[in-house]
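In each ligand, atom 1 is the first atom listed, and ligand 1 is the first ligand listed. Reckoned from all heavy atoms, side chains included, excluding hydrogens, waters and symmetry mates.
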Amino acid sequence: MMLIAVLLSVASLCVAQSPRNTCDDPNFHSLETDESKRLACGPAFENRCFCHMTCYEGRNQHIVNCTDAGFRNTDPLEHLPNNTKVLIFTGNDLGELPWNVFGTLDALPELRVIDMSRNKIREIPGKTYHHVKHVEQLFLDHNELSLDDGKNHPRVFSNFVSLLELHLTDAFEDGAPVQLAKTLHEIFVNSNLTLLMKLHLEQNEISVFHDPNVFCDLPSLMHLYLSSNSLSTLHFNLTCLPKLQFLDLEKNNFTHVLERDLHTLDHLAKEKRSMTVDFSTNPFECGCKLNPFVRWMNKTKVIVRNKNYLRCNKSSSLQKFYEEKHCYSNLGASGYRGTTVALWLLSVLLVGLILALIYVQRVELRKKLEPVIDSVSKRVRYTSIATGETREMGV
Ligand SMILES: *[C@@H]1O[C@H](CO)[C@@H](O)[C@H](O)[C@H]1NC(C)=O
Ligand SMILES: *[C@@H]1O[C@H](CO)[C@@H](O)[C@H](O)[C@H]1NC(C)=O
Ligand SMILES: *[C@@H]1O[C@H](CO)[C@@H](O)[C@H](O)[C@H]1NC(C)=O
Ligand SMILES: *[C@@H]1O[C@H](CO)[C@@H](O)[C@H](O)[C@H]1NC(C)=O
Ligand SMILES: *[C@@H]1O[C@H](CO)[C@@H](O)[C@H](O)[C@H]1NC(C)=O
Ligand SMILES: *[C@@H]1O[C@H](CO)[C@@H](O)[C@H](O)[C@H]1NC(C)=O
Ligand SMILES: *[C@@H]1O[C@H](CO)[C@@H](O)[C@H](O)[C@H]1NC(C)=O
């Protein structure tokens, strides 16, 4: 029995690891040397790159790797080996990209991944990327894409009809946030990114999207990465993203979260199986304004990632989240103040009316009250005589 159990667990381990093992075939790389990998790229690559089959994202694929190769233009890319599946062309100094980076022939039927990060790219004309209809991942991180009108064509991604992941971390030059939102919207509207599932926009100094519908042309979007920006509210439309599952808002500028935004997030969780949001490392300020968020976290269906690590700033020290007591919400406070004022006015009015009544009826009142006052004063006198007597008797 023990033996069978052990065999079974070993078998299940093997099954669990099999996808990774396809990459780890030890005989696989034995015939290739650095020299042969360089030569495999062809003369256009000037021995600066490695072209070979390698394990990339869990699968063996033909890769062209030009990392920090020091090219000053994209000319070699017109001569990519026709079986290239992954292109890594990073750390070069490119400036403006030409038309038809991959040549005019549809010669790269296998190409799935393009990484052109860290290339100091400033301009991408609309006709740069052709013959990329099977590409699923595009990386343009850490470039200096211009936000000037006309420099980067809105149809820049229009041929990436199969794109699943778009990485634009720190991709844009520093500039007016208004311009960035406008540029992004024009790009998304004019592209056919209908399958896009992941969008990375970290480190772009975004504080506001003046166009709330900036992401609405990405109907398949599941993961939206906006960490390390300067957002303080969710003023962009999320209800138009029916598949959204994860919203990354780490390291932004939230001091509290508006109730309106909490409703928006709740709405997303209601319609979907699961919705996760990450608010880590925001400059939250302890106090009444944080209460709606603190209470919301306790009851919402939205998964708040790292919620036990959230901290707020209370007189310059960081504290665990807590509910601040003795607060009136803005609406409540003004309502309360209004009631107090009304009560005061009514009291003054009442006292005034009573005084007026007394004045008007003063003659009648005196007539009616005189006998009463008389009898009371008599009784007081009698009582004092009586007590005087008892006192005398007691002595
Ligand atoms: C590409 O080459 C660089 C060094 O030249 C290496 O560090 C990197 O791991 C390679 N990338 C892949 C995916 O093989
Ligand atoms: C690549 O080109 C060669 C000829 O240069 C051809 O024989 C081969 O079929 C092509 N492969 C693909 C995947 O198109
Ligand atoms: C998107 O692709 C469809 C067909 O796949 C095409 O009809 C449409 O014109 C394209 N839209 C844009 C903006 O390129
Ligand atoms: C958000 O998008 C939805 C669906 O497209 C639309 O009905 C709604 O009016 C939009 N909201 C705003 C504020 O634009
Ligand atoms: C962050 O928010 C504060 C106010 O809460 C504001 O003064 C500051 O300018 C904002 N920072 C950025 C980078 O937008
Ligand atoms: C959250 O709920 C738990 C129990 O349900 C309670 O002990 C805790 O005080 C609540 N915290 C807040 C901030 O409402
Ligand atoms: C906390 O807030 C004070 C101002 O109220 C500010 O001076 C301080 O830098 C903040 N501390 C942290 C850790 O954010």
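Annotation: ring pair (Phe, Tyr, Trp, His ring centres under 6.0 Å) contacts of F157 (sequence neighbours excluded): none.
With ligand atoms numbered from 1 in the order given, ligand 4 contributes 1 (C) to contacts under 4.0 Å with heavy atoms of T239.
The aromatic rings of H200 and Y225 lie parallel to each other, their planes meeting at an angle below 30°, with 60° marking the opposite boundary.
Members clustered with Y359: none, using a 4.5 Å side-chain heavy-atom cutoff among hydrophobic residues.
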For ligand 5, which of its N or O atoms have a protein N or O partner closer than 3.5 Å, and how long is each gap?
| from | atom 1 | to | atom 2 | distance (Å) |
| --- | --- | --- | --- | --- |
| ligand 5 | 2 (O) | N253 | OD1 | 3.4 |
| ligand 5 | 2 (O) | N253 | ND2 | 2.4 |
| ligand 5 | 11 (N) | N253 | ND2 | 2.8 |

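Checking each of F254, F284, Y322 against F293 for a ring-ring contact (aromatic ring centres under 6.0 Å, His included) leaves exactly one that passes, namely F284.
A pairwise comparison of heavy atoms in L231 and N252 identifies N-OD1, 2.9 Å as the closest pair.
Sorted by first then second residue, the disulfide bond (SG atoms under 2.5 Å apart) pairs that include residues 200-235, not counting sequence neighbours, are C216-C240.
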